[in-house]
Amino acid sequence: MAKVYTDKDASLDPIKDKTIAVLGYGSQGRAWALNLRDSGLKVLVGLEREGNSWKVAENDGFRPLYTEDAVKNADIVIFLVPDMVQRYVYRERVQPYLRDSMDLVFAHGFNIHYRLIEPPKTVDVYMIAPKGPGPIVREYFVKGGGVPALVAVHQNYSGKAFEKALAIAKALGATRAGVIETTFKEETETDLFGEQVDLVGGITQLMRTAFQVLVEAGYQPEIAYYETINEMKMIVDLIYEKGFTGMLKAVSETAKYGGFTAGKYVINEDVKKRMKEVLERIRSGKFAEEWIEEYNKGAPTLVNGLKEVENSLEEQVGRQIREISLRGKPKS
Ligand SMILES: NC(=O)c1ccc[n+]([C@@H]2O[C@H](COP(=O)([O-])OP(=O)(O)OC[C@H]3O[C@@H](n4cnc5c(N)ncnc54)[C@H](O)[C@@H]3O)[C@@H](O)[C@H]2O)c1
Ligand SMILES: CC(C)(O)[C@@H](O)C(=O)O
Ligand SMILES: [Mg+2]
Ligand SMILES: [Mg+2]
């Protein structure tokens, strides 16, 4: 078993006197800025313009700065703008003001692993990659917990990069759960794979396709939504808390038998073969190349994909069903 670092293995000392610039105030940026500030660290929020994120940061009690001003005043610069934006922010707003012994910190290895950002040797480069969405990183922290994270060091100019990565992980709340060491390569490839075939791409398509099959067969959309989408949370919660065995204990014998047989029929060896192709596309750098090209064209697949999901029957039905099911969710 890999070594798991918890609160007792990490100290805030290596960063307690440093000024930290959090660039971006979105999903992770907001969570990091608030958690680090609540942990007693000195945090500046750096943003490109006085837009929506600026207002949200102000409402949270920050006084945001323009990116380059945050960088000029910081010892540690954390990149929490979208992956496709990071290299421009680096080139225009960070690189010109880089001083020796500054730290460049990432929440995902994409830009370093695929060499979109190539920092000078005189800075530390490390990563703390939360294994969960930003709002949950904040929610768990506020409730006294933390989302697990991976840490990795790409450049260790100071000789203290790993200790600093653990310190940030502690301030984020991640060591309240557990932190495991990885490399930029391993984190980048596994993270992209997981979100593509499973967490984001796979689960969404699995649920939507199952919903569509029932509706096309003439069943009421509300019943289809409860069955193929809404109940997924309870099943996944059981797996999260008790493993597959625990989940299987909670469902009927009929569900177990049907699940073992139909599950392997639907998610078959062909699907596994395709998953391996997806992994290969990530490892070869083809996915990164394609995503950069798509982004440079204005990300039409992303824009159209979001519209298609938003306008879909399952999303329309979901808006009503969520009102009902959230009413029944225990308040905690
Ligand atoms: N979203 C997650 O839960 C999650 C989980 C783990 C790791 N990460 C990683 O964290 C990093 C940040 O991702 P995120 O999802 O939090 O980002 P996000 O999309 O939520 O970031 C939005 C922020 O970036 C700013 N921004 C957007 N476009 C910009 C531009 N063109 N120039 C400058 N600023 C711009 C926005 O104003 C906002 O403040 C990425 O490296 C991502 O891979 C994200
Ligand atoms: C939250 C995820 C999917 O785990 C993250 O990797 C992301 O890119 O948003
Ligand atoms: Mg990701
Ligand atoms: Mg992820």
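Since the structure is predicted, the reported quantities are computational estimates derived from the model, not experimental observations. One-based numbering, in listed order, for ligands and for the atoms of each.
For Gln86, the heavy-atom gap to ligand 1 drops under 4.0 angstrom. Taking a 4.0 Å cut-off on heavy atoms, Gly132 registers as neighbouring ligand 1. In this structure, Pro82 has a heavy atom closer than 4.0 Å to ligand 1.
Residue Ser27 has at least one N or O atom closer than 3.5 Å to an N or O atom of ligand 1.
Ion pairing between Lys131 and Asp191 holds under the 4.0 Å rule for side-chain N and carboxylate O.
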Measure from every N or O atom of ligand 2 to the protein's N or O atoms and keep only the pairs below 3.5 Å, writing each with atom names and distance to 0.1 Å.
residue  : atom  : partner : partner atom : Å
ligand 2 : 6 (O) : Asp191  : OD1          : 2.9
ligand 2 : 6 (O) : Asp191  : OD2          : 3.0
ligand 2 : 6 (O) : Glu195  : OE1          : 2.8
ligand 2 : 8 (O) : Glu195  : OE1          : 2.9

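Note on ring orientation: taking the six-membered ring where Trp is involved, the planes of Phe110 and His108 are tilted (angle from 30° to 60°). Ring geometry for Trp54 versus Tyr66: interplanar angle of 30 to 60°, hence tilted.
Protein contacts to the Mg ion (ligand 4) involving N, O or S atoms at a distance below 2.8 Å are Asp191 OD1.
Contacts between Val85 and ligand 1 below 4.0 angstrom, taking non-hydrogen atoms only, involve the side chain exclusively. At a heavy-atom cutoff of 4.0 Å, ligand 1 is contacted by the side chain of Glu48 but not by its backbone.
Here Val4 is tied into one hydrophobic group with Met1, Leu150, Ile180, each link being a pair of ILVMFWY side chains closer than 4.5 Å. Listed by chain and number, the hydrophobic cluster partners of Val200 are Leu199, where partners are ILVMFWY side chains within reach of under 4.5 Å, directly or through others.
When Thr188, Thr182, Thr183, Thr190 are each tested for a side-chain hydrogen bond (donor to acceptor under 3.5 Å, both in side chains) with Glu186, only one passes: Thr182.
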